[in-house]
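As structure tokens, the structure follows; a few thoughts come after it.
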Amino acid sequence: MLVLPFRHSARALGTALLGTALLAGLPALSWAASDSELREALEAAREQQWERVDERSIGDHPLYGYVEYHRLKGQLPNASADQVQRFIAQYADSPLAGWMRGQAIAHYGHAGRYSDLLAVADGEPAGTARQCYYYSALLATNPQQANQAGLNLWRVGKSQPNACDPFFERLRANGTIDAKAIWERKMLAWQAGETRLSSYLGGLLNGQWQTALASADSVVQRSGAITQIASCLGPECAATASFYRAAMQQYTREDTLAAFTAWQTLSPRLNLTSSERQPIEEELAFYALVRDVPGTLSWVDSVLPSLDSERVLELRVRHALAQRDWNGVIHWIAEMPPVQQENSRWQYWLGRANAQLGNHQAAEARYQQAALDRSFYGFAASEKLGQPYQLNLERNHFDEASRQRIAQLPAVVRTEALLRIGEAGLANSEWLHAVQSGGPAQARALADYADHQQWHARLVQTTIAGELWDALDWRFPEAYRDSFQHWGRQTGVDPYLLMAISRRESAYNPNALSPAGARGLMQLMPGTASQVSRELGISDPGAYGVLDPELNIRLGSTYLRDKLQRYQGNRLAAAAAYNAGPGRVDQWLGNGVEAFDLFVESIPYRETRDYVQAVLSYRVIFESLANGGNSDGVSLLSDSEQQVSYDRALLARR
């Protein structure tokens with residue numbers, strides 16, 4: 001999800017302004033004047049307009065380093081490595097250090113100043129262009145590592161940044177990138193649909209590869225031509241494996257049954273190793289199961305143990321569940337790698353399968369294992385056992401003195417200063433850098449501080465960055481609780497369900513914007529917001545008005561109410577419709593699944609399967625936290641939601 005910068009209320013900004021000013025021993029108005037000058041200086045620094053920067057007015061400001069960052073960045077690549085290193089050391093507790101290192105690598109690399117680049121580098125940098133510069137520099141001192149890294153950067157099916165071109169030319173000159181590597185990348189480009197790159201790479205190959213090139217062209221035009229292609233392509237058959245992998249991928253996705261038939265003919269006559277066959281058969285098995293291709297299941301079962309594929313094993317278990325093949329469920333879960341098999345989801349299904357087969361002792365053991373997990377299937381297993389949910393709630397206690405110490409951390413002072421001058425994105429970077437670099441104790445103290453500042457979205461991000469998975473009070477804060485309670489009462493919608501959807505949709509960032517255009521706490525599409533507004537008789541909020549938290553909750557709760565009414569109050573179906581749309585859910589209900597858990601596994605979209613599980617388990621957590629952390633009396637689903645058949649009868653008459 002793409003997230004816009006955080007915004008804060010005037011009261012929150014005023015509190016931050018006053019608090020930081022008091023900590024620094026300065027009156028609030030003095031800070032305000034200094035902030036204004038720093039803001040202007042930072043704007044000028046970004047434009048490299050240094051005549052507008054008054055050094056005397058900002059030299060003591062906690063954000064002075066941000067101005068200096070742009071000054072030194074503007075001097076690259078002519079600034080010395082020593083200057084860069086001094087800056088990095090001075091701002092080691094800030095993201096500024098890492099940003100400057102990255103800028104220096106990029107500028108030194110572009111200028112060919114490889115000794116300076118290696119002097120400031122700290123291992124492989126992030127970003128493909130910088131990696132190409134880094135390994136170009138490393139060719140002189142560690143050619144083996146540089147050559148291998150270069151091959152890894154080369155073997156992708158998309159165009160790489162222009163910064164990589166000189167590096168790749170050097171690797172072609174020293175023989176690291178040979179004709180086979182060029183052909184293999186051409187095949188990757190074909191698989192990725194990058195026709196221009198594929199054509200360019202074909203032009204780099206000599207006459208020895210003409211038969212392979214012609215074969216690829218013929219199959220690009222007509223996938224079925226694959227059965228007419230020679231079983232040895234390229235010099236010493238060097239093109240064979242990558243060609244058949246690319247060609248079979250295209251054919252499998254176009255027409256899985258035809259591809260399956262072709263593979264039965266091709267497989268015996270191709271001299272491929274097991275590792276070369278594996279990706280072809282893994283893809284074929286995946287699509288055969290996804291599309292339920294007739295006549296392929298016995299073949300899938302025969303090759304599945306050798307595929308080492310978690311996604312195909314998951315599909316095979318889900319296929320067995322759809323067929324109510326309980327022995328098959330047990331068999332294929334047993335084929336999973338231990339880490340996958342131990343997931344509460346599969347432990348729950350082992351319990352269900354054993355229960356269906358009358359193996360009640362084994363079923364209870366599996367349910368007990370699943371119930372240890374704080375998840376949808378963990379909660380469902382607890383209900384099968386008739387025992388409380390395992391929330392594993394971690395309690396943390398901090399006093400005001402601790403918060404004062406945190407408030408004086410340079411990273412926190414900078415965070416609040418950045419918020420005051422409207423640089424919320426930079427503030428978030430400062431904050432999360434402090435969380436990730438300060439250790440578990442500091443992460444918890446920062447979470448407590450964010451909680452007391454009512455930085456709801458930043459608090460959730462803190463728990464993620466700090467991996468505070470059991471700190472449920474922080475992971476699921478009482479953000480906008482009064483609004484959720486109010487509009488829940490007004491619409492008749494479970495307020496904890498509203499909280500759970502908002503937590504899943506936006507992680508409580510009121511300005512969240514998805515790639516599809518969904519906006520705000522409850523991630524409403526502008527069209528949906530307009531439609532619901534008309535139903536309520538209020539003005540269309542427009543693309544930005546819908547970001548208002550109160551209005552977003554009002555519109556979102558009304559929209560969810562409509563979905564609940566559509567499915568006779570069933571929260572599982574309504575949550576699925578909130579994510580995937582009611583039309584799709586209506587279609588899924590047409591399959592006539594009798595039980596809630598089987599309905600969840602029958603949802604064909606992974607995103608929606610995960611979504612409904614998260615929302616319903618989050619709802620349990622919110623209600624339990626409202627009860628003081630006690631899950632007694634809290635249920636994952638109502639009796640009706642657990643016992644109803646998930647079929648077309650669930651649709652309310654309209």
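Just so you know, these numbers use all the heavy atoms, side chains as well, and skip hydrogens, waters and symmetry mates.
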Can you find a heavy atom in the side chain of [X] that is under 4.5 Å from one in the side chain of [Y]?
X	Y	answer
Y377	W349	yes
I501	Y611	yes
E184	R155	yes
L616	Q613	no
S223	D255	no
S344	L372	no
F260	Y251	no
I182	W154	yes

Between [X] (side chain only) and [Y] (backbone N and O only), is there a donor and an acceptor less than 3.5 Å apart?
X	Y	value
R609	I603	yes
N354	L350	yes
R519	M525	no
Q131	P125	yes
S506	S502	yes
T252	T256	no
R170	D165	no
E505	Q523	no
T296	V293	yes
Q568	L564	no

Where do [X] and [Y] come nearest, in terms of heavy atoms and distance?
X	Y	answer
R269	Y244	NH1-OH, 4.5 Å
L650	S645	CB-O, 4.4 Å
A370	A381	CB-CB, 3.7 Å
G351	R366	N-CB, 3.5 Å
R113	D116	NH2-OD2, 2.5 Å
D122	R101	CB-NH1, 3.6 Å

**Request:** Evaluate salt bridge (Lys or Arg N to Asp or Glu O under 4.0 Å) for E641 paired with R571, printing each intermediate quantity in order.
**Result:** CA-CA 8 Å; E641 289 165 335; R571 292 172 297 179; 2.8 Å; yes

Under 3.5 Å, is there a donor-acceptor pair between the [X] and [Y] side chains?
X	Y	result
S375	S617	no
S602	W588	no
E281	W263	yes

**Message:** Does L598 form a side-chain contact (heavy atoms from CB on, under 4.5 Å) with R324? I'd like the steps, not just the answer.
**Reply:** CA-CA 9 Å; L598 289 166; R324 311 299 184 265; 3.6 Å; yes

**Item:** Pair listing, side-chain hydrogen bond (donor to acceptor under 3.5 Å, both in side chains) test, anchored in residues 185-198, at least two apart
**Value:**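 Those involving residues 185-198 are K186-S198, W190-Q250, Q191-Q249.
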
**Request:** Enumerate the residue pairs fulfilling side-chain hydrogen bond (donor to acceptor under 3.5 Å, both in side chains) with a member in residues 300-312, sequence neighbours excluded, ordered by first and then second residue.
**Result:**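 Qualifying pairs, neighbours excluded: E282-S309, E282-R311, E283-R311, D301-R316.
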
**side-chain contact (heavy atoms from CB on, under 4.5 Å) between N579 and Y605, intermediate numbers included** = CA-CA 10 Å; N579 177 260; Y605 299 158; over 6 Å; no

Supply the atom-to-atom distance [X] [atom1] to [Y] [atom2], rounded to the nearest 0.5 angstrom.
X	Y	atom1	atom2	value
Y567	L651	OH	CG	6.0 Å
Q145	Y134	CD	OH	5.5 Å
L289	L304	CG	CG	8.0 Å
T240	L233	OG1	CG	4.5 Å
L589	R648	CG	CZ	7.0 Å
S136	L171	OG	CG	7.5 Å

**Request:** Apply ring-ring contact (aromatic ring centres under 6.0 Å, His included) to Y348 and Y367, showing your working.
**Result:** CA-CA 6 Å; Y348 172 86; Y367 283 145; 5.7 Å; yes

**Message:** Taking side chain to side chain donor-acceptor pair (under 3.5 Å) as the definition, give me every residue that meets it alongside Q587, ordered by chain and number, with sequence neighbours left out.
**Reply:**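 If we apply the side chain to side chain donor-acceptor pair (under 3.5 Å) test to Q587, skipping adjacent residues, there are no hits.
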
**Request:** Just say parallel, tilted or perpendicular for the rings of H110 and Y133, cut-offs at 30° and 60°.
**Result:**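 Correct class here is perpendicular.
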
**Message:** Run the side-chain contact (heavy atoms from CB on, under 4.5 Å) test on V156 and T128 for me, step by step, so that the C-alpha distance in whole Å, both residues' side-chain angles and the decisive distance to 0.1 Å come before the verdict.
**Reply:** CA-CA 11 Å; V156 296; T128 302; over 6 Å; no

**Request:** Applying side-chain contact (heavy atoms from CB on, under 4.5 Å), name anything that partners S115, two or more places apart in sequence or on another chain.
**Result:**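 Counting only residues at least two positions away or on another chain, S115 forms no side-chain contact (heavy atoms from CB on, under 4.5 Å).
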
**Item:** Residues in side-chain contact (heavy atoms from CB on, under 4.5 Å) contact with L432, at least two apart in sequence or another chain
**Value:**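 Checked L432 against side-chain contact (heavy atoms from CB on, under 4.5 Å); matches are N428, Q461, A465.
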
**Message:** Using the rule given for side-chain hydrogen bond (donor to acceptor under 3.5 Å, both in side chains), can you reason through Y135 versus N142, listing the C-alpha separation, both sets of side-chain angles and the distance that settles it, and then say yes or no?
**Reply:** CA-CA 9 Å; Y135 288 113; N142 193 337; over 6 Å; no

**Message:** Regarding D178 and R172, does a basic nitrogen lie under 4.0 Å from an acidic carboxylate oxygen?
**Reply:**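 Salt bridge flag = no for R172 with D178.
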
List the atom pairs, donor and acceptor, that lie under 3.5 Å between side-chain atoms in residues 329-336 and the rest of the protein, sequence neighbours left out.
none

**Message:** Tell me if the centroids of the rings in Y578 and Y559 come within less than 6.0 Å of each other.
**Reply:**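 Yes: the rings meet the under 6.0 Å criterion.
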
**Verdict with reasoning, H319 to D325, per side-chain contact (heavy atoms from CB on, under 4.5 Å)** = CA-CA 8 Å; H319 184 278; D325 174 13; over 6 Å; no

**Message:** With a 6.0 Å cut-off (strictly less than), is the heavy-atom count around CG of N162, excluding the residue itself, greater than 12?
**Reply:**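 No, the 6.0 Å shell around CG holds no more than 12 heavy atoms from other groups.
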
**Request:** Check whether more than 12 heavy atoms from other residues, nucleotides or ligands sit under 6.0 Å from atom CD of Q144, and answer yes or no.
**Result:**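 Atom CD in Q144 is not packed in, count stays at 12 or less.
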
**Request:** With salt bridge (Lys or Arg N to Asp or Glu O under 4.0 Å) as the test, would you mind laying out the steps for R345 and E314 before giving the verdict?
**Result:** CA-CA 11 Å; R345 176 187 183 187; E314 175 184 329; 3.3 Å; yes

